[in-house]
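Everything below concerns the one structure shown next.
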Amino acid sequence: MTDGVGVECRPDQVQAALRRAAVSVLETMFFVSLAGETEEPSEAAPEFGQPVRVEFQGGCQGAFTIRVSGSMSCSMAANFLAKDEQEVDEPEASQVVSEFANMVCGATLSVVAPHATLNLSYPCAGTGVVARGEVYRDALVCDCGRVQMQLEFWHNE
Amino acid sequence: MKPSVLIVDDSPAMRAFIRRVLELSGVVMSECYQAADGGEALAVLRRSPVDLVLTDINMPGINGEELVKLIHADEQLNSIPVVVVSTDATEQRVAALLRLGARGYVTKPFHPETLRADLEKVMEAADDRRCRG
Ligand SMILES: [Mg+2]
């Protein structure tokens with residue numbers, strides 16, 4: 001068990017649930033597949049877009065932050081909206097990344113804290129927020145770009 | 001029967017996606033209305049005939065949970081089946097929404113086939129109710 005309030009899994013299970021949720025959301029909702037290779041989560045390279053952050057409260061508290069490489073947000077939006085990449089504008093791409101963050105966060109928490117009552121915030125730009133509490137990171141290399149994710153559980157002060 | 005469907009979600013991208021998934025999965029709709037929150041949804045329901053409502057939970061203004069309650073409490077509207085489409089699959093949330101009157105609960109991410117099968121079940125149950133009612 002982790003110390004995260006409401007979390008009912010061991011740390012390795014949380015890590016695995018995060019990966020499974022992200023892959024499942026990418027495949028079923030955005031028609032994006034993993035490129036096979038994975039990479040160590042690291043400091044975000046400049047080609048990554050703005051981080052998007054969803055905070056959660058209720059049975060457990062914390063935040064989920066996601067960064068997607070520039071080309072990838074465009075491909076995801078094109079797939080999601082059934083448009084050509086050239087037709088996707090900036091607001092659409094950011095809306096789609098927000099939906100992605102919301103779904104990965106919700107799907108992960110539903111697995112690791114199935115008995116908690118959760119309230120997710122609206123996704124928002126999450127620049128410059130330092131991670132705290134118990135932190136899980138993951139990075140995915142996909143057929144159309146890269147994703148970096150961070151899930152934090154905060155403890156009651 | 002070709003149902004007329006109302007999709008309620010604060011994200012225009014998600015509304016467009018759900019509409020496309022319905023079409024791709026072979027659901028032929030006579031009409032597909034959209035609303036960005038519960039208030040807009042109620043306005044559509046009061047002026048247009050709708051056979052099925054698909055609603056998100058997390059929305060500004062009247063959210064999905066309140067919308068389910070309001071539809072359930074309204075004699076003019078409570079025969080319309082409401083299906084919740086949400087990322088939140090925690091047991092308490094699903095149970096709470098079904099208790100409030102939702103007839104189905106689909107969690108995101110979903111496969112198009114799953115969505116279609118779930119909606120067909122809900123529509124059939126609604127027809128049964130109407131016949132019995
Ligand atoms: Mg929403």
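Keep in mind that this is a model prediction, so the values were computed, not measured. Residue numbering restarts at 1 for every chain, and letters A, B, ... go by the order of the sequence lines.
In this structure the side chain of B:Pro109 never reaches within 4.5 angstrom of the side chain of A:Phe30, judged on heavy atoms.
By the criterion of side-chain heavy atoms lying less than 4.5 angstrom apart, applied directly or through intervening Ile, Leu, Val, Met, Phe, Trp or Tyr residues, B:Val68 is not grouped with B:Leu54; the two fall into different hydrophobic clusters. In the hydrophobic clustering of ILVMFWY residues, with side-chain heavy atoms under 4.5 Å counting as a link, B:Leu115 and B:Val27 come out together. B:Leu22 and B:Leu52 fall within the same hydrophobic cluster, defined by Ile, Leu, Val, Met, Phe, Trp and Tyr side-chain heavy atoms under 4.5 Å apart, directly or through other members. Tracing side-chain contacts under 4.5 Å through hydrophobic residues (I, L, V, M, F, W, Y), one reaches A:Val7 starting from A:Phe56; they form part of the same cluster. Taken together through direct or relayed side-chain contacts under 4.5 Å among Ile, Leu, Val, Met, Phe, Trp and Tyr, B:Leu119 and B:Leu45 form parts of separate hydrophobic clusters.
With a 4.5 angstrom heavy-atom cutoff, A:Ala82 touches chain B via backbone and side-chain atoms both. For a residue to count as touching a neighbouring chain, one of its non-hydrogen atoms must lie under 4.5 Å from one of that chain's; by this rule B:Pro112 does not touch chain A.
Using cut-offs of 30° and 60° for the angle between ring planes, the A:Phe31 and B:Phe17 rings count as tilted.
Separation of atoms OG1 (B:Thr90) and CG (A:Leu109) is listed at 9.0 Å; rounding is to 0.5 Å. Once rounded to the nearest 0.5 Å, the distance linking OG1 of B:Thr87 with CE of A:Met29 reads 10.0 Å. With rounding to the nearest 0.5 Å, the separation of OG in B:Ser11 from CZ in A:Phe80 is 6.5 Å. Rounded to the nearest 0.5 Å, atoms CG (A:Leu120) and OG (B:Ser86) are 8.5 Å apart. Atoms CD1 and CG, on B:Ile57 and A:Asn119 in that order, are 10.0 Å from each other to the nearest 0.5 Å. Going from atom CE of B:Met14 over to atom CD of A:Glu99 covers 4.0 Å, rounded to the nearest 0.5 Å.
Within residues 89-98 of chain A, the residues having any heavy atom under 4.5 Å from a heavy atom of chain B are, by residue number, A:Gln95, A:Val96. The interface of residues 91-107 of chain B with chain A, defined by heavy-atom distances below 4.5 Å, comprises B:Glu91, B:Gln92, B:Arg93.
For the pair B:Phe110 and A:Thr28, the tightest heavy-atom approach, listed with the atom from each and the gap, is O-CB, 4.1 Å.
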